[in-house]
Amino acid sequence: MVDTTTSPERYDPETVEVKWQRRWDERRTNAADLEGARRPYFNLMMFPYPSAEGLHVGNVFAFVGSDVHGRFRRLQGWNVFEPIGFDAFGIHSENYALKVNTHPAELIPRNIVRFREQLQRIGLMFDWGHEVQTTDPRYYKWTQWIFLQLFRSGLAVKKEAPVNWCPECKTVLANEQVINGMCERHPDTAVTQRFLEQWFFRITEFTERLLEHLQRIDWSESTRLMQTNWIGRSEGADLVFRTESGTPIRVFTTRPDTVFGATYMVLAPEHPLVEDLTTDAQRAEVEAYRQHAASMDLVSRRVGDKEKTGVFTGAYCVNPATEERVPIWIADYVLMEYGTGAIMAVPAHDERDYAFALEFDLEIRQVVRPPHGAEVDAPAPRPDVPPLYTGWDGTMVHSGTFDGMAPQDAVRAITEWLESKDAASRQVQYRLHDWCISRQRYWGPPIPVIYCDRCGTVPVPESDLPVVLPPLEDFRPDESGVSPLARAKEWYQAPCPACGGDARRETDVSDTFLDSAWYYLRYPSTGCDDRPFDPALTKKWLPVDSYIGGNEHAVLHLMYSRFITMALHDLGHLDFEEPFTRFRAHGMIVKDGAKMSKSRGNVVIPDEYIAKWGADTFRMYLMFLGPYQEGGDFRDEGISGIRRFLDKVWGLVNVATFEGGEITAPTMRKLHQTIRGVAEDLEDLRYNTAISKLMEYVNVLRGRGSDDSAVPDVCTELLEPLVIMLAPLAPHFAEECWERLRHETSVFDASWPAFEASLAEEDQIELVVQVNGKVRGRVLVPAGIGQQAAVDRALQVESVRRFVEDKPLRKTIFVENRLVNLVV
RNA sequence: GCCCGGGUGGCGGAAUGGGCAGACGCAAGGGACUUAAAAUCCCUAGGGAGGUAACUCCCGUGUGGGUUCGAAUCCCACCCCGGGCACCA
C-alpha cells in the first residue's frame with residue numbers, strides 16, 4: 001500500500017514549480033518557432049489591463065482555461081504560439097492614476113511588473129519574447145498608422161455630433177460605453193449630451209458584413225447573439241409625407257402596412273425641418289421645447305416608459321396613402337440618430353404612439369383588426385378608442401383596397417403601391433452607430449493629425465510616426481471639453497506637413513479600444529520595426545485559431561476588432577476578413593453565489609491560494625469548479641480534493657514498475673475510455689468533466705472499489721497516458737512525474753495518447769429491465785445482445801417476474817446495450 | 001417590456017438526437033492506524049416507510065398541466081435567479 005507520509009518524498013508544489021519554470025526558461029520550452037513551425041496554432045487570450053490590484057481570480061480562471069487549451073493542442077502536435085501583453089493605455093488606467101494621484105507613466109510600469117510576476121507564477125505557456133504593451137511608442141506608432149490608413153480611405157472622419165459626455169470622466173464616451181444612460185466606469189453618473197467635433201470610424205459601412213459573417217464564424221452562440229442584437233437590423237421602408245408647401249419629409253417604418261392608420265407625424269426636436277415648418281403661432285412653444293430637449297441629459301431623454309411630452313408645430317403634411325392632412329408634432333421620444341429622425345405615428349398599432357395620442361388626444365384609427373379572441377397589447381381606456389394591438393395576425397381594415405389582406409401581405413402590396421407613386425422606398429436600418437474614437441484625455445495615443453489654417457486637416461506623414469505622447473505633469477482633464485494636451489503648447493505647435501507653416505496638432509487621443517482592436521496582429525511581428533505586421537508571419541499565423549475571453553467584451557472589443565480587420569483587409573493589408581476563427585466566452589467566477597466586488601468584500605485574491613496550494617492545484621481547482629463556459633462558485637473547501645488527487649497520482653508514479661506488469665482487461669478498458677472521454681471534453685472546454693474522468697481512472701488504478709484494498713504497483717504503460725492527459729491542467733506536476741517516469745524531454749514534447757476503440761469496448765453490459773417504465777431489475781448480458789435473448793434473460797429475473805406475473809406482454813421496448821421495457 | 005442562459009442532495013456540480021437521476025469532488029457520519037491529534041486509508045450516504053437481515057416498497061430534478069412504454073431532458077402556462085438590450089419607429 002502506498003503511504004505518502006512514509007514514502008521517501010512528498011509532493012511539494014513549491015519545489016516542483018520553481019524547478020520546472022526555471023527549466024522551461026532554460027530550454028525555451030514555451031517559445032514558438034514562428035518561422036519554422038509546420039502546424040502553426042495561434043492560441044490567444046484577451047490581454048489584461050494591468051490594474052493596481054493585481055490579477056484577480058477571474059483573470060486567472062480565464063487565462064488558465066485558455067492555457068489548458070493551448071497545451072492540449074500542443075500535445076496533439078500543433079506548434080502553439082501563446083503570447084501575452086498589457087493593455088495599459090486608456091481611461092481605466094488614467095482614472096486610477098487620478099485617484100491615487102500618481103502619474104500613469106510611473107504607475108503602469110509598476111503594475112506591469114507585478115502582473116508579469118503573477119502570470120509567471122501560474123505557469124502559463126506564454127512566449128514572453130513577444131510581449132506587447134499598448135503604451136509603448138513602438139506599439140502605438142502602429143495604432144496611429146492604422147488611423148492614417150482609415151483616414152486616407154475615408155473611414156475616419158471628423159464630424160460634429162451629439163456625443164455622450166461623462167461629467168466624471170470629463171470625456172466623450174462611445175455608445176458602447178454607456179450603460180443605461182450611465183457611464184460604464186461611473187454607474188452613478190448620468191451621461192449628458194454635448195455637441196462636439198469628434199473623430200469617427202465609419203463602422204456602419206461594414207454593418208452588413210459584420211452581421212452576415214456572424215452566421216459562419218465558430219463563436220460562442222451567446223456572443224454572436226449579442227452582436228446581432230447590437231447591430232440591430234430592421235427591414236422596412238422610407239415613406240414620403242409632403243407638407244402643404246410640397247416639402248418632402250421622410251419617415252422610416254417597419255410597418256408600412258399600417259400607413260392608413262398614420263394620423264399624425266412626429267419629428268425629433270433636433271430635426272432640421274422643424275425650423276421651417278413651425279408656424280408663427282407655435283414658434284415660441286416649439287423653441288422652448290427644443291431647448292428643453294437639448295439641455296436634457298441622455299438618461300431622462302432615453303429611458304423608456306416615461307410620460308410622453310411634445311409640442312404641435314402648427315404644420316400639417318399629407319399622408320400619402322389616405323391623402324388626409326395630418327398634424328406634425330415634435331417629441332423627444334423620436335430620436336434624431338435613428339432612421340430619418342421622423343416617424344409616421346400609428347397610434348392604434350404602436351405602443352409609444354398610442355401613449356402619445358392618448359396624452360394629446362389625437363385620433364387613434366385601427367387598421368389591423370386582431371383575429372377573433374386574440375389578446376391585445378392594451379385594452380381600450382375609453383369606449384370611443386380602439387385597443388392597442390401590435391401583433392402581425394389579423395386583417396387589414398380602413399385601408400382602402402387593401403382591406404381584408406393579412407398584414408404581412410399588405411406590407412408588400414402597400415409598399416409597391418406607394419413606390420409606384422414615388423412615396424416609398426425599401427429601406428434597412430441599423431441600430432449600430434459610427435464609432436467615436438476621440439477622447440479628451442491624456443493617457444492614450446495622440447491622434448496623428450495636424451490642423452493648418454491654409455491646408456486644413458493634414459495627416460501626420462507615416463515617416464513622422466509615432467506622435468509621442470509628451471510628458472505632462474498635470475494630466476487632469478477639465479470641464480472645457482478639450483484634452484489636457486491642449487496645455488502642452490510646445491508639443492501641439494508643429495509645422496504643417498504640407499506647407500511647413502505654423503500649425504497645430506490634434507490634442508485628442510484615441511479610444512483605448514483602438515489599441516486593443518489590433519494587438520493580436522502585432523504579436524508574431526514584435527520584432528518588426530518597419531511595419532505593423534510582417535506579411536509572411538501574418539500569413540502563417542493569422543487569423544487567430546482560438547480566442548478566449550469574457551462576454552463583457554462581446555460588443556466592444558470583439559466588434560471593433562472585426563471592423564479593424566475588415567478595414568485592413570479591404571485596404572490590402574490582410575488577406576482575411578475575420579480575425580478570430582474560433583471564439584469562446586468563458587464564464588464568471590462568483591463567490592457565495594454573488595459577483596465578486598470590492599464593495600461586497602468577497603474578492604478572492606489568487607496569490608495566497610497559490611502560495612498555499614501551488615499553481616497546479618489552484619489551476620486545476622479553478623477548472624474543476626464548474627463548466628468553463630459557465631463559470632462557477634469559488635469555495636475554499638473544495639481545493640483540498642484536487643490536492644488529494646495529485647498526491648495520489650504522485651504516489652502511483654513513485655512506485656511505478658518499469659518492467660511492464662500485467663494489465664487486466666477492465667483496466668485497459670478504463671484507460672481507453674478515459675483517453676477518449678478526456679480528449680472529447682478538452683476539445684469542448686469541458687474541463688470539469690475531463691478532471692472527473694481522470695479521477696475515476698486514478699481510482700481504478702488504485703484499486704478502489706475492489707475487494708483487495710491494497711494499492712497495486714502500476715506499470716508505466718498505464719501511468720504515462722495519465723501524466724500526459726494531466727499535463728495541460730497541471731503542467732509543472734506533469735513534467736516532474738514525466739521525469740520520474742524516466743523521460744529526459746518535456747512532457748509537452750510527447751504526444752497525446754492514442755485511443756483504440758477495440759480496447760475501450762465493454763464485452764459485458766448491465767441491462768436495465770423495466771416493467772411498465774419502472775426499473776425492476778438488472779441483468780448482466782454480453783454486449784450487443786439481441787432483443788429476443790434480452791427479453792428471455794429479463795424474464796428470468798425474480799424481481800421482474802414478480803411484476804410481470806403471468807400477464808401477457810403487450811409490447812416490448814428494447815434499446816441496445818441499455819434496457820428492455822416490458823409493457824404488460 | 002423584449003432577447004438569451006439557468007433552476008438537480010447539506011454544497012460545487014454530473015447525466016439532454018427521451019432510456020439506471022445524483023458521476024467526480026467538498027462537507028458529514030462510522031471504522032482502521034496512532035498514546036493522542038493531524039495526515040492517510042476503508043466504508044456509508046437523495047428523502048421517507050417497512051424488515052433481525054441480505055432486502056423491499058413509495059416519493060423525488062423550480063411550480064402546474066401535457067405528450068410517451070418511459071421525461072431532469074420534448075410541448076404549453078407560470079414562478080424565481082443571472083446576463084444583454086431598452087422610447088430603435
Side-chain angles (χ1 to χ4, degrees), chain A residues 1-6 10 179-181 221-222 225-226 228-230 232-234 236 251-255 258 266 301-306 308 331-335 337-346 349-353 355-356 377 429-433 551-552 554-555 587-588 590 593-595 621 624-627 629-642 644-645 647-648 651 686 688-696 699 702 704 709-711 766-775 777-778 799 802 810-815 818-824:
Chain A
M1 185 186 278
V2 178
D3 177 355
T4 48
T5 50
T6 57
R10 284 195 63 161
I179 314 291
N180 257 336
E221 182 67 36
S222 56
L225 214 99
M226 281 163 79
T228 306
N229 292 340
W230 190 261
R233 184 182 199 276
S234 303
V251 299
F252 173 72
T253 178
T254 54
R255 293 293 301 262
T258 63
V266 188
R301 174 75 192 268
R302 285 239 174 110
V303 166
D305 58 72
K306 61 160 185 125
K308 293 283 180 287
D332 67 359
Y333 80 92
V334 174
L335 310 172
E337 311 91 81
Y338 186 77
T340 60
I343 60 155
M344 65 171 197
V346 185
H349 305 291
D350 180 278
E351 199 182 331
R352 298 147 300 180
D353 299 342
F356 191 81
D377 298 277
Q429 283 292 339
Y430 304 93
R431 228 189 56 119
L432 185 73
H433 289 86
N551 242 349
E552 67 273 18
V555 286
M588 201 178 19
V590 299
K595 206 168 173 169
Y621 175 59
F624 189 60
L625 277 181
Q629 296 182 65
E630 285 164 38
D633 200 308
F634 189 93
R635 272 160 206 284
D636 290 10
E637 309 89 64
I639 199 165
S640 58
I642 296 291
R644 284 204 269 262
F645 167 72
D647 280 337
K648 287 170 189 170
R686 291 192 305 257
N688 56 334
T689 50
I691 293 170
S692 64
K693 286 182 176 86
L694 291 171
M695 287 172 166
E696 281 185 53
N699 286 340
R702 301 179 73 248
R704 200 170 88 168
S709 63
V711 174
E766 199 180 55
L767 197 70
V768 171
V769 183
Q770 296 183 335
V771 179
N772 292 338
K774 289 198 178 203
V775 180
R778 303 182 166 96
S799 57
R802 197 149 14 100
R810 287 203 289 125
K811 196 173 174 184
T812 314
I813 282 98
F814 175 69
V815 183
R818 261 184 216 273
L819 64 75
V820 280
N821 185 9
L822 308 171
V823 186
V824 294

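Residue numbers begin at 1 in each chain, while the letters A, B, ... track the order of the sequences.
- Across every strand in view, B:rU68 sits unpaired, with no contact that passes the Watson-Crick or G-U test at under 3.5 angstrom.
- In the set B:rA14, B:rC85, B:rC24, B:rA14 carries the atom at the smallest distance from any side-chain atom of A:P627.
- Using cut-offs of 30° and 60° on the angle between ring planes, the pair A:F252 and A:Y338 is perpendicular.
- Between the CG atom of A:N821 and the NZ atom of A:K811 there is a distance of 9.0 Å, given to the nearest 0.5 Å.
- Between B:rC57 and B:rU67, the two P atoms lie 27 Å apart (nearest whole Å).
- A:Q770 comes within 4.0 angstrom of a nucleotide base, judged by non-hydrogen atoms across all strands.
- Rounded to an integer number of Å, the gap from CD1 of A:I642 to P of B:rG13 is 14 Å.
- Side-chain proximity of A:D332 to the nucleotides B:rC20, B:rC87, B:rG12 is greatest for B:rC87.
- Distances from the side chain of A:W230 to the nucleotides B:rA89, B:rA86, B:rG25 place B:rA86 closest.
- Here the side chain of A:L225 is nearest to one of B:rC3, B:rA89, B:rG13, namely B:rC3.
- No N or O donor and acceptor, one from the side chain of A:R635 and one from the base of B:rC11, sit under 3.5 Å apart.
- A gap of 43 Å separates the P atoms of B:rU16 and B:rC33, to the nearest Å.
- Nucleotides B:rG10 and B:rA49 place their P atoms 16 Å apart, quoted to the nearest Å.
- For B:rA45 and B:rU34, the C1' atoms lie 27 Å apart once the distance is rounded to whole Å.
- In terms of position on RNA chain B, the residue among A:G232 and A:N229 whose nearest nucleotide sits closer to the 5' end is A:N229.
- Side-chain proximity of A:R818 to B:rG19, B:rC3, B:rC26: nearest is B:rG19.
- Nearer to the 5' terminus of RNA chain B, by closest-nucleotide assignment, is the contact made by A:I691 (compared with the other of A:I691 and A:Y430).
- As rounded to the nearest Å, B:rG5 and B:rA77 have P atoms that lie 16 Å from one another.
- In terms of modelled atom types and a separation under 3.5 Å, the side chain of A:Y621 and the main chain of A:R635 share a donor-acceptor contact.
- Taking atom CE of A:M226 as the reference point, atom C1' of B:rC4 lies 9 Å away to the nearest angstrom.
- Proximity of A:E337 to A:H433: side-chain heavy atoms (C-beta onward) are separated by under 4.5 Å at one or more points.
- If you take CE on A:M226 and CD on A:E552, they are separated by 9.0 Å, rounding to the nearest 0.5 Å.
- A donor and an acceptor atom never sit less than 3.5 Å apart when one is taken from the side chain of A:E221 and the other from the base of B:rG5.
- Applying side-chain contact (heavy atoms from CB on, under 4.5 Å) to A:I343 and the options A:T253, A:V266, A:L335 leaves one that passes, A:V266.
- Pairing for B:rU35 is absent, with no Watson-Crick or G-U wobble pair whose two atom distances lie under 3.5 Å.
- Using a 4.0 Å heavy-atom criterion, one finds that A:T254 contacts the sugar-phosphate atoms exclusively.
- Nucleic acid contact class of A:K693 (heavy atoms, under 4.0 Å, all strands): none.
- For B:rC26, one of the phosphate oxygens OP1 or OP2 lies less than 4.0 angstrom from a side-chain nitrogen or oxygen of A:R644.
- Under the 6.0 Å distance and 45° angle rule, A:K308 counts as a cation-pi partner of A:Y333.
- Comparing B:rA72 with B:rG62, their P atoms are spaced 10 Å from each other, to the whole Å.
- Remark: P of B:rG6 and CE of A:M588 are 15 Å apart, rounded to the nearest angstrom.
- Counting non-hydrogen atoms of neighbouring residues, nucleotides and ligands closer than 6.0 angstrom, the CZ atom of A:R818 reaches no more than 12 such neighbours.
- Pair check for B:rG1 finds B:rC85; Watson-Crick or G-U wobble, both atom distances under 3.5 Å.
- Counting non-hydrogen atoms under 4.0 angstrom, A:I343 reaches a base of the nucleic acid.
- In the set B:rA86, B:rG25, B:rC87, the nucleotide with an atom closest to the side chain of A:R431 is B:rA86.
- Summarising the geometry, the separation between CZ on A:R810 and P on B:rC69 is reported as 9 Å, rounded to the nearest angstrom.
- Among the nucleotides B:rC85, B:rA89, B:rC69, the one closest to the side chain of A:T253 is B:rA89.
- If you check B:rU44 for Watson-Crick or wobble pairing at under 3.5 angstrom, you find it paired to B:rA28.
- For the pair A:Y621 OH and B:rC24 C1', the computed distance is 13 Å after rounding to whole Å.
- Across all strands shown, B:rC55 is found opposite B:rG50 as a Watson-Crick or G-U wobble partner, with both distances under 3.5 Å.
- Between B:rC24 and A:T689, no contact under 4.0 Å exists linking OP1 or OP2 to a side-chain N or O.
- Comparing the C1' positions of B:rA27 and B:rG82 gives an interatomic distance of 26 Å, to the nearest angstrom.
- Nearest nucleotide to the side chain of A:R702, out of B:rC3, B:rA23, B:rC42: B:rC42.
- Among the nucleotides B:rG19, B:rC69, B:rA27, the one closest to any side-chain atom of A:S640 is B:rA27.
- Rounded to whole Å, the distance from CD on A:E630 to P on B:rG13 is 9 Å.
- A:R778 comes within 4.0 angstrom of a base, heavy atoms only.
- Atom-to-atom, CD of A:E337 to P of B:rA89 comes out at 14 Å; the value is rounded to the nearest Å.
- In this structure, A:E351 places its CD atom where only 12 or fewer heavy-atom neighbours from other residues, nucleotides or ligands lie under 6.0 Å away.
- Atoms CG and CG, from A:L819 and A:L767 in turn, are 7.0 Å apart once rounded to the nearest 0.5 Å.
- In this structure, B:rG9 shows a glycosidic angle within 90 degrees of zero, which is the syn conformation.
- Taking atom C1' on both nucleotides, B:rU68 is separated from B:rC76 by 16 Å, rounded to a whole Å.
- Among the atoms of the strands shown, none is found under 4.0 Å from any heavy atom of A:T812.
- Counting any heavy atom pair closer than 4.0 Å across all strands shown, A:Q429 reaches no nucleic acid atom.
- Between B:rA14 and A:N688, a contact under 4.0 Å exists linking OP1 or OP2 to a side-chain N or O.
- When each of B:rG19, B:rA89, B:rC24 is scored by its nearest atom to the side-chain atoms of A:L819, the top-ranked nucleotide is B:rG19.
- Atom pair A:I639:CD1 and B:rC26:P shows a separation of 12 Å (rounding to whole Å applied).
- Between A:K774 and B:rC59 there is a side-chain N or O to OP1 or OP2 distance below 4.0 Å.
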